[in-house]
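Every value quoted in this text rests on a predicted model; they were computed, and no experiment measured them. Hydrogens, waters and symmetry mates play no part in the numbers below; they use all other heavy atoms, side chains included. Atoms within a ligand are numbered from 1 in the order they appear, just like the ligands themselves.
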Amino acid sequence: MGKGIFITGTGTDVGKTFVTALIVKKLRDAGKNAGYYKAAISGAEKAEDGTLLPGDALYVNKVAGIGESVENLVSYSYYEAVSPHLAARINNQQIDFYKIRADYQRALEKYELLTVEGSGGIICPLRWDDKQHVIIDDMVSQLKLGAIVIADAGLGTINSAVLTLEHLYIRHIPCRGVILNNWHPGNLMEEDNLRMIEELTGVKVIAKVEPGATELDIDPEFLASLYA
Ligand SMILES: Nc1ncnc2c1ncn2[C@@H]1O[C@H](COP(=O)(O)OP(=O)(O)OP(=O)(O)O)[C@@H](O)[C@H]1O
Ligand SMILES: [Mg+2]
């Protein structure tokens, strides 16, 4: 049975997919059997034949060279670029947590190190109807995953990163580290952002990712040790 980690971010579009691809690539380049899973993607493109293309999964699959088939990478894909709970409601195709758990377990049987990308930030509703209320942090708790937080390196990140880390803390979700994206070496404010996040939360920044990076600057053995 493999080990997993959850990749969340301070919000949507912060670079979860971009950084996840570099994480999985780093592990695979070091000879590890690393895979990817995402429970729900919204804003998927439509192919000519009408099938939905879950861009995040296809991107990581390609960049990291996983070679997995789409249906094993993502449980739910929606066309509408809205929160999964709303996309599900619009399409009358509600997210079933038991399917997510089964798909996740199946992926864990196949991969030694499974990286699970979240949707949006840590408060992202997956299902909100009269039968079930499921937010993404509930899913992370249920799957007993630790988390890595992707945050932008720039202005505003102290607030959004610390709030995200505090939320993980109150939900008893272990945080394995922060990765700062769009990092510009030598930038005074970004250096200070890093220091402030570490000092306010006690959580370490484990990597910094520059614009257009093709490699994650981290020891693959250390990275692998964060999975549980
Ligand atoms: N370090 C980087 N260098 C260059 N482009 C980047 C970098 N980080 C993110 N991007 C680009 O920014 C956009 C948003 O990033 P990404 O898709 O990874 O965000 P996300 O957090 O996964 O979003 P979502 O919530 O939709 O899953 C993408 O076009 C991505 O290629
Ligand atoms: Mg993404």
Side-chain angles (χ1 to χ4, degrees), residues 4-26 34-46 52-64 66 68 70 73-88 95 100 104 107 114-126 135-137 139-140 145 147-157 160-161 163-165 167-168 175 177-187 189-190 193-194 205-218 223:
I5 204 155
F6 184 71
I7 306 296
T8 188
T10 53
T12 189
D13 270 345
V14 80
K16 293 185 301 294
T17 301
F18 189 88
V19 176
T20 296
L22 297 182
I23 288 173
V24 181
K25 179 176 183 293
K26 182 103 240 175
Y36 171 92
Y37 172 70
K38 177 152 174 156
I41 179 168
S42 39
E45 277 179 44
K46 260 186 196 154
L52 290 172
L53 303 169
D56 289 12
L58 296 174
Y59 178 81
V60 178
N61 204 28
K62 190 171 107 202
V63 171
I66 306 173
E68 185 54 90
V70 180
L73 295 164
V74 180
S75 295
Y76 293 93
S77 296
Y78 302 103
Y79 174 69
E80 294 76 14
V82 296
S83 172
H85 80 289
L86 180 55
I95 287 172
I100 289 178
Y104 170 72
L114 186 67
T115 307
V116 180
E117 183 186 344
S119 312
I122 194 65
I123 310 286
C124 176
L126 293 176
I135 308 278
I136 204 129
D137 57 358
M139 182 194 86
V140 182
L145 285 161
I148 289 176
V149 174
I150 312 301
D152 190 77
L155 190 62
T157 203
S160 52
L163 286 174
T164 299
L165 291 163
H167 186 77
L168 291 173
C175 185
V178 172
I179 296 181
L180 290 180
N181 190 26
N182 287 311
W183 174 262
H184 302 88
N187 181 294
M189 178 191 64
E190 295 181 9
N193 286 343
L194 185 160
V205 173
I206 56 171
K208 296 161 291 199
V209 178
E210 292 177 30
T214 54
E215 222 22 83
L216 191 67
D217 185 14
I218 197 167
L223 184 58

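For ligand 1, the atoms closer than 4.0 angstrom to any heavy atom of Asn182 are 1 (N), 2 (C). For ligand 1, the atoms lying closer than 4.0 Å to a non-hydrogen atom of Lys38 are 27 (O). Heavy-atom contacts of Asp13 reach the following atoms of ligand 1: 14 (C), 19 (O), 20 (P), 21 (O), 23 (O), 24 (P), 25 (O) (cutoff under 4.0 Å).
Atom 29 (O) of ligand 1 lies below 4.0 Å from none of the non-hydrogen atoms of the protein. Of the protein's heavy atoms, at least one falls inside 4.0 Å of atom 16 (P) of ligand 1. Proximity of atom 4 (C) of ligand 1 to the protein is indicated by at least one non-hydrogen atom lying closer than 4.0 angstrom. For atom 13 (C) of ligand 1, the nearest protein heavy atom is 4.0 Å or more away.
Counting protein heavy atoms only, atom 20 (P) of ligand 1 is closest to Lys16 N, 3.5 Å.
Sparse packing is recorded around CG of Asp217, with 12 or fewer heavy atoms of other residues, nucleotides or ligands lying under 6.0 Å away.
Among the backbone and side-chain atoms of Thr17, an N/O/S atom is found under 2.8 Å from the Mg ion (ligand 2).
In terms of polar-atom proximity, defined here as any N/O pair under 3.5 Å, Thr12 does make such a contact with ligand 1. Between Gly11 and ligand 1, no N or O atom pair is found at a separation short of 3.5 Å. Checked against a 3.5 angstrom limit, the closest N/O atoms of Val209 and ligand 1 fall outside it. Distances between N or O atoms of Gly118 and those of ligand 1 include no value under 3.5 Å. At least one N/O-N/O distance between Gly15 and ligand 1 falls below 3.5 Å.
Contacts with ligand 1 closer than 4.0 Å are made by side-chain heavy atoms of Asn181 only, the backbone lying farther away. Contact annotation: for Ile150 versus ligand 1, there are no heavy atoms closer than 4.0 Å.
Side-chain N or O atoms of Thr164 include none that pairs as donor or acceptor with a backbone N or O of Thr10 at under 3.5 Å.
Contact annotation: Gly120 has at least one heavy atom less than 4.0 Å from an atom of ligand 1.
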